[in-house]
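Worksheet: the structure to be examined is printed underneath.
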Amino acid sequence: MKRAMAAVLLVLLSLLVHSNAEEEAFDVRQHLSTVSRYGVVKGIADSSFVPSKIPNGCTPIHLNLVARHGTRSPTKKRIKELDNLATHLEVLLREAEEQNLSLEKLPGWLKGWKSPWKGKLKGGELIIQGEDELYDLGIRTRARFPNLFNDDYHPDVYAIKATQVPRASASAVAFGMGLFSGKGRLGPGRHRAFAVTSESRASDTKLRFHDCCQNYKAFKKSQEPAVDKLKEPVYDEITSALRRRYRLNFTRQDTTSLWFLCKQEASLLNVVDQACALFSPSEVSLLEWTDDLEAFILKGYGKSINYRMGVPLLEDVVQSMEQAVKAEEEKHAPGSYEKARLRFAHAETVIPFSCLLGLFLDGSEFEKIQREQALPHPPKPPQKRNWRGHTVAPFGGNNMLVLYSCPANTSNKHFVQVLHNEHPIPMPGCDGTDFCPLDVFKERIVAPHLKHDYNSVCNVKLEQQEQKPVAI
């Protein structure tokens, strides 16, 4: 009998230890969807994928970069939301005290809480940590491709482009400072000046196509209520759990704002033991899924217009590759042709561009998007999913398309390698490899999208059926 009891206790103890280990292993900063810091999630990649071995004799001759800006502060609208949360928390606490409710389980920080951004008149700017992310990325990029960045700087050799939104252009500057550090004569860091060019917001169809595309704006407006409806059951379930747990009469809006606060605290301030600690790991996973779902429907594979409107950017990338091939074939002198085209924009740019490349899909799903068929929504936890906001477009998230010249190869002389957040990533359109012959890349991945002209996608009047809401 004693032995049996000892065995039961041992099993219970091992389960408890395992459960605690799982809790400790759960890092909320890896579950913040597109609000994730680059340094926290950039190491996350598909461990089952084996990257291609670049053949001997193949050298990079051109680099395209499409990057999101670094970590930024909350926008003015969101700062106001957090101020409203502070006001409502005061009301809830007062009501609870008047009703003599026990608040012993309530975390102490909630009493008298004020937003860390209270009193800020402006928002949305790149923060110091965001500058570091892009500066370090610039240093790593030069170290990874030394032959591409061995020429003297010239804006026609290293073209740096950004949207007119300050956090994007500031990210471009931070990246350029890292990329060209030690290459100039300015200050102790031997920095050098470089140019960052921007298109007008009203006509930037390469990096802010979502702002210029009238049909997309109409689609997004029509879908937002349906997306909110999809998210409601999760928020209602978690709101009920918070009420039971902390004895406060939280509303769905409170849960929304507390989740937003959690993301800001964890990402910008590295604080994980306040707002984030209100939620269990399973609740965080569900809230993360609702964010991923929204990005999928309104920016990703949820509708073909989300990425078809990015065709001008795809055309620009391919054109730069073709120019690099021509310069090589015509034996242009070093310093006389472009070796890198570096772009800095937003999640609304990086996500559609990733979709144009067919990333985060399997082969059958890729065939569906080529036929413009709808894909199922990302499965709800605890099911696994490929579509994760923290991987697709964290702060500083990026796609690099590296053009290689392989003169010794008899069948194909030029190849494209795609790196997502600096990791080689499989392309279903290229039979699941990350290293694809340029002709195959253009034929299978690019050409099907080029059937769609930007004007016809964005400005020709949509048929009524295109405006139907997503299925719930």
Side-chain angles (χ1 to χ4, degrees), residues 59-67 141 145 148-149 151 154-163 168 172 175 195-200 203-210 212-213 307-346 349-359 370 398-406 412-420 427 429-430 435-458:
T59 55
I61 61 170
H62 193 272
L63 173 70
N64 274 283
L65 170 69
V66 179
T141 300
F145 303 106
L148 281 179
F149 296 101
D151 284 357
H154 189 280
D156 293 341
V157 179
Y158 303 113
I160 305 177
K161 303 171 185 289
T163 69
F175 179 91
V196 177
T197 59
S198 295
E199 293 283 335
S200 162
S203 57
D204 190 355
T205 57
K206 291 188 180 76
L207 295 182
R208 282 192 72 82
F209 37 77
H210 54 282
C212 309
C213 186
Y307 48 90
R308 296 285 190 211
M309 63 177 171
V311 160
L313 172 57
L314 186 63
E315 288 177 316
D316 188 57
V317 167
V318 173
Q319 179 205 48
S320 71
M321 291 181 186
E322 291 172 341
Q323 288 174 352
V325 170
K326 185 180 178 186
E328 182 192 47
E329 289 173 348
E330 295 178 356
K331 296 183 168 52
H332 290 191
S336 67
Y337 58 92
E338 184 185 80
K339 295 179 80 172
R341 199 170 290 188
L342 311 163
R343 307 167 185 81
F344 300 86
H346 310 271
T349 316
V350 173
I351 294 175
F353 185 65
S354 297
C355 293
L356 286 169
L357 299 178
L359 306 185
Q370 296 283 27
N398 57 83
N399 286 313
M400 293 185 195
L401 286 82
V402 190
L403 179 64
Y404 280 85
S405 174
C406 301
N412 296 287
K413 301 295 183 188
H414 294 95
F415 288 76
V416 179
Q417 184 181 41
V418 175
L419 308 175
H420 182 78
M427 290 178 281
C430 285
F435 193 68
C436 185
L438 177 59
D439 289 343
V440 175
F441 177 81
K442 287 161 65 175
E443 177 191 344
R444 294 192 194 169
I445 292 179
V446 179
H449 294 307
L450 297 189
K451 294 182 298 188
H452 300 270
D453 168 72
Y454 180 80
N455 186 56
S456 63
V457 168
C458 288

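Predicted model, so just to flag it, every value in this text is computed and none were measured.
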### Query
Shortest non-hydrogen contact from Met427 to Val416?
CE-O, 4.1 Å
### Message
What's the separation between atom CG in Asp439 and atom NZ in Lys413, rounded to the nearest 0.5 Å?
### Response
12.0 Å
### Query
Is any side-chain heavy atom of Gln319 less than 4.5 Å from a side-chain heavy atom of Arg341?
yes
### Task
Find the distance between CG (Leu342) and CG (Leu63) and round it off to the nearest 0.5 Å.
6.0 Å
#### Entry: Side chains of Lys326 and Tyr337 in contact at under 4.5 Å (non-hydrogen atoms)
no
### N/O donor-acceptor pair under 3.5 Å between Gln370 side chain and Arg444 backbone
yes
### Message
Could you measure the distance from the CZ atom of Arg343 to the CZ atom of Phe353? Nearest 0.5 Å is fine.
### Response
7.0 Å
### Task
Return yes when the gap between the SG atoms of Cys458 and Cys212 is under 2.5 Å; return no otherwise.
no
### Message
If you apply the rule side chain to side chain contact (heavy atoms under 4.5 Å, CB included), what do you find for Phe344 with Leu207, and how did you get there?
### Response
CA-CA 8 Å; Phe344 300 86; Leu207 295 182; over 6 Å; no
### Query
Minimum heavy-atom separation for Gly335 to Val157, with atom names?
O-CG2, 3.6 Å
### Task
Say whether, by atom type as modelled, one donor and one acceptor occur between the side chain of Tyr158 and the main chain of Asp151 under 3.5 angstrom.
yes
#### Entry: Validation row: Thr205, Val311 side chains within 4.5 angstrom (heavy atoms)
no
### Query
Taking side chain as C-beta onward, heavy atoms only, is Leu401 less than 4.5 Å from Leu357?
yes
### Message
Using the rule given for side chain to side chain contact (heavy atoms under 4.5 Å, CB included), can you reason through Glu322 versus Lys442, listing the C-alpha separation, both sets of side-chain angles and the distance that settles it, and then say yes or no?
### Response
CA-CA 10 Å; Glu322 291 172 341; Lys442 287 161 65 175; 2.9 Å; yes
### Query
Between Phe415 and Pro437, what is the shortest heavy-atom contact and its length?
CD2-N, 3.4 Å
### Message
Applying salt bridge (Lys or Arg N to Asp or Glu O under 4.0 Å), can you list everything that pairs with Lys161, at least two apart in sequence or on another chain?
### Response
none
### Message
Counting C-beta onward and ignoring hydrogens, is there a side-chain heavy-atom pair between His414 and Ile61 closer than 4.5 Å?
### Response
yes
### 4.5 Å side-chain heavy-atom contact, Val350 and Asn399
yes
### Query
When rounded to the nearest 0.5 angstrom, what is the spacing between CZ in Arg208 and CG in Leu313?
13.5 Å
### Query
His62 and side-chain hydrogen bond (donor to acceptor under 3.5 Å, both in side chains): which partner among Glu328, Glu338, Lys339?
Glu338
### Task
Decide yes or no on side chain to side chain contact (heavy atoms under 4.5 Å, CB included) for Met321 and Val325, but give the supporting numbers first.
CA-CA 6 Å; Met321 291 181 186; Val325 170; 5.6 Å; no
### Task
Search all heavy atoms of Leu148 against all heavy atoms of Pro60 and return the closest pair with its distance.
CD2-O, 3.6 Å
### Within the 6.0 Å centroid threshold, strictly below: Tyr454 and Phe209
no
### Query
Got a donor-acceptor contact below 3.5 angstrom from the Tyr404 side chain to the Phe435 backbone?
no
### Task
Answer whether the closest heavy-atom distance between the side chains of Leu65 and Thr141 falls below 4.5 Å.
no
### Query
Do you know which two heavy atoms are closest between Pro312 and Lys206, and how far apart they sit?
O-CG, 4.2 Å
## Note on the structure
d(Leu403 CG, Asn64 CG) to nearest 0.5 Å is 8.5 Å
### Donor-acceptor contact below 3.5 Å, side chain Ser405 vs main chain Thr59
no
### Message
Just so I know, are the side chains of Ser198 and Asp204 near enough to count as touching, which here means a heavy-atom distance under 4.5 Å?
### Response
no
### Query
How are the rings of His346 and His210 set relative to one another: parallel (under 30°), tilted (30 to 60°) or perpendicular (over 60°)?
perpendicular
### Message
Ignoring hydrogens, what is the shortest heavy-atom contact between Ala447 and Glu443? Give both atom names and the distance.
### Response
CB-O, 3.4 Å
### Query
If you round to the nearest 0.5 Å, how far is CG of Leu450 from CZ of Arg308?
9.5 Å
### Query
With no hydrogens and no angle check, is any side-chain donor or acceptor of Thr163 less than 3.5 Å from a backbone partner on Ala345?
no
